[in-house]
Amino acid sequence: ETCLIGVLAGAAGGIAEILWIGLYGAVSGNDTTELAWSIVTVVGAIVPLSPFLSAPVASGLAIHMFAAVALGIALAFAWRALSLRNLVGGNEYRFLPAALAIIWAFNFFVLLPLISPYFGGLHRNFTEIIPYSVSLPSKILFGLAVAAVLTVARKTGAQSVLVRI
């Protein structure tokens, strides 16, 4: 049940991020498809993705959603474990956005600066494509989406989450 809730929570978070970044691209005129291409470039250096390179935007979105679902599952299990021990105070809307802000800080201040110079195929680094002022709210929205799914699941059960979504 926790795994199913995590899948739904991660999917909701991933979609929230895609919508936010799409809105940013539409309002700013920035080509956010370059972000999807960058994701494929980075992941393709680790995992052979050559069949998917003919559709880098779709592949980038698929990779993003796979990562979002994996993160959603991890967060659902973490939330469950912490909740059972009363370590989080039962407030999904405070804990999960904060957790995603920590993940964002690690990604943008540690991970991405370490890996960006090693990918010559990237035209711009991630922070040039999506500035901090856009990427942080994206992660906060992910956390809020996960919190919403976990709240509905807690109040109504996992099967009801499927019906409501």
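Below, all heavy atoms of this structure are taken into account, side chains as well, without hydrogens, waters or symmetry copies.
Taking OG1 of T33 as the start and CG of L61 as the end, the distance is 9.5 Å to the nearest 0.5 Å. The distance from the CH2 atom of W104 to the OG atom of S135 is 5.5 Å, given to the nearest 0.5 Å.
I103 pairs by the side-chain contact (heavy atoms from CB on, under 4.5 Å) definition with L71, L100, N107, not counting sequence neighbours. Residues forming a side-chain contact (heavy atoms from CB on, under 4.5 Å) with V110 (at least two apart in sequence, or on another chain): F106, L114.
Side chain of N30 to backbone of Y24: no donor-acceptor contact under 3.5 angstrom is found.
Side-chain contact between W79 and V146: absent, with no pair of heavy atoms (C-beta onward) separated by less than 4.5 Å. Two residues are said to be in side-chain contact when any heavy atoms from C-beta on lie closer than 4.5 Å; L82 and F95 meet this criterion. The closest side-chain heavy-atom distance from L150 to L96 is below 4.5 Å.
Side-chain heavy atoms closer than 4.5 Å link hydrophobic residues (I, L, V, M, F, W, Y) into clusters, and following such links, possibly through other members, connects I129 to L112. Placement of L35 and I140 within a single hydrophobic cluster is found when ILVMFWY residues are connected by side-chain heavy-atom separations under 4.5 Å, directly or transitively. Residues F66 and V69 are members of separate hydrophobic clusters, defined by side-chain heavy-atom contacts under 4.5 angstrom among Ile, Leu, Val, Met, Phe, Trp and Tyr. The hydrophobic clustering, which links ILVMFWY residues whose side-chain heavy atoms are closer than 4.5 Å, places L111 and L136 together.
The aromatic rings of Y132 and F109 lie tilted to each other, with the angle between the two planes from 30° to 60°.
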For residues 3-20, which side-chain N or O atoms pair as donor and acceptor with protein atoms under 3.5 Å away, sequence neighbours left out?
| residue | atom | partner | partner atom | Å |
| --- | --- | --- | --- | --- |
| E17 | OE2 | S138 | OG | 3.2 |
| E17 | OE2 | K139 | NZ | 2.7 |
| W20 | NE1 | V134 | O | 2.9 |

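T151 approaches Y93 most closely through the heavy-atom pair OG1-CE1, 3.4 Å.
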* To do: Go through I130 and T32 one step at a time and tell me if the side-chain contact (heavy atoms from CB on, under 4.5 Å) criterion holds.
  => CA-CA 8 Å; I130 306 296; T32 55; 4.0 Å; yes

